[in-house]
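Everything numeric here is computed off the predicted structure, so don't read it as measured data. Chain letters run A, B, ... following the sequence lines, proteins first, then strands; residues in each count from 1.
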There are 2 protein chains.
Amino acid sequence: MPSVKENATTEAEEQPLGWQAQKSAATRNLILDAAITCFIDLGYAMTTTAKISNKAGLSRGAMLHHFPSKSALIQAAVEYLHRRRLDAFRDAVSRIPADETDRIRAGINVYWQHLTSPLFVAFHELAVAARTDSELGDILYPAVDSFDQAWYETAKALFPEWEKTGDVFDLAMDLTQNLMEGMAINHMQEKDEQRAERLLTFLAKQLESMLEESNI
Amino acid sequence: MPSVKENATTEAEEQPLGWQAQKSAATRNLILDAAITCFIDLGYAMTTTAKISNKAGLSRGAMLHHFPSKSALIQAAVEYLHRRRLDAFRDAVSRIPADETDRIRAGINVYWQHLTSPLFVAFHELAVAARTDSELGDILYPAVDSFDQAWYETAKALFPEWEKTGDVFDLAMDLTQNLMEGMAINHMQEKDEQRAERLLTFLAKQLESMLEESNI
DNA sequence: TGATTCAAACATACCTGACTGTTTTTTAGG
DNA sequence: CCTAAAAAACAGTCAGGTATGTTTGAATCA
């Protein structure tokens, strides 16, 4: 068993007492990881409580002890996925060297890395399901807004020199987000690395020139 | 024994004898339309045979007479949807006036119209489901390839002056397709017409300049 | 013409399997 | 001991498939 390092989910405040029983939090995370893996491997629709508990390595009864219903589990999984997406993205951005010369291309690479990761696949499954599942939508859409805002703020922080470009920055971000997400979704079905690389290079050049033009 | 009975499914050629029984083709189309409507309204995952037959206005048994299994129905629905998408798209392109001055923007508008139509929503449902449903994938992917090729050929026919640009044309088409599909998928969740319009205008300008630059 | 025939179109009932949620029972920790 | 975690057994629902029954309508021949 790993040590008490793991207070993960909603333990915002300090718990000086890492109860032994608090180790059930580890089981919770185990279950939530299994749920996300199921979204990726089976798709949201074919994900059942039995499959999740099986993947997590415990019985359905045990899982229902931690999450009394499927919708409770789904809700927790959505929030867990959101947290992991945010953490992974911010972490990757923070790894960009401060003296990076081509920050635009570095930023593109970071986002592309995220979009081609399993986390985004899981998110996309949820997003599609939410279109016709209002209960899921109520849980998911706030997370979407939160991620989009964090994405926008991160980009603004990474490119302070775009500050004065105003509208151009918004247009550039819109272009980047829509193009790259479209690429990512197509990439799920047919991976063509060369074609993706060409488009990303084009996008980087394009963003450069948008910055130059508006910085006269 | 019936004389003209044979070619029921592929009545591509004129059948002077559209005997009454042949009107079952109408019922088939009714069912397939209902199936696609269900994909749009409920999503692929929540579409059941009962829901489809109900939407079509007949009993499940009656439907099972025309399509002996669910997968047979799905297969027919995929092909039907593909046909309707192709027809609608080609028809819309053919309606672009020959003397249209801004053919690029007209082409963009036609494709955007398609991407925001229910047919594309239904297609996207199928595409997502196919990722984790290989049986569906086997049916869907050939249709995808067919549509993509038709899209590419249509674009080449619409813009003959790009003929000599070679790679630039391919890049422009890649950009257009990925960007607009990304926009369309985001558009399903949150419709922001103004933002879409801005991006489409930008894309049109961008394509213009790509053409100019390579036509020196 | 009109009665008979026969297959297709349509409908009803039931069976099986899977999924969710509840309840009950066992195991382990403090 | 006593409480929480884990497992197992049970029940209700719903989906898809099969089997069988009913209607319709066109073709055939007296």
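- We find the NE2-CD1 distance between A:H66 and A:I31 to be 5.0 Å, quoted to the nearest 0.5 Å.
- Taking every heavy atom of residues 29-42 of chain B and every atom of DNA chain D, no pair lies under 4.0 Å.
- Ionic pairing of B:K55 and B:D41 is present here: one or more N-O contacts between side-chain nitrogen and carboxylate oxygen are shorter than 4.0 angstrom.
- Atom CD1 in B:I74 sits about 12 Å away from atom C1' in D:dG16, given to the nearest Å.
- For residues 118-131 of chain B, the pairs satisfying salt bridge (Lys or Arg N to Asp or Glu O under 4.0 Å) are A:E125-B:R131, A:R131-B:E125, with sequence neighbours left out.
- The residues B:D192 and B:R198 are annotated as not salt-bridged, no charged nitrogen and carboxylate oxygen being separated by less than 4.0 angstrom.
- In this structure, A:Y111 and A:L200 have side chains that are not in contact, with every pair of non-hydrogen atoms separated by 4.5 Å or more.
- Using a 30° and 60° split on the angle between ring planes, B:H187 and B:W112 fall in the perpendicular class, above 60°.
- Distances shown here put a side-chain N or O of B:H65 below 4.0 Å from the OP1 or OP2 atom of C:dA9.
- Summarising the geometry, the separation between CG on A:L64 and C1' on D:dA9 is reported as 14 Å, rounded to the nearest angstrom.
- Between the CZ atom of A:F67 and the C1' atom of C:dG21 there is a distance of 16 Å, given to the nearest Å.
- Here D:dA15 presents its P atom at 15 Å from CG of B:L73, a figure rounded to the nearest Å.
- The two residues B:A72 and B:F67 have their closest heavy-atom pair at O-CD2, 4.2 Å.
- For B:H66, no side-chain nitrogen or oxygen approaches OP1 or OP2 of C:dA8 to under 4.0 Å.
- A heavy atom lying under 4.0 Å from DNA chain D marks the following residues of residues 49-63 of chain A, by number: A:L58, A:S59, A:G61, A:A62.
- Sparse packing is recorded around CG of A:D167, with 12 or fewer heavy atoms of other residues, nucleotides or ligands lying under 6.0 Å away.
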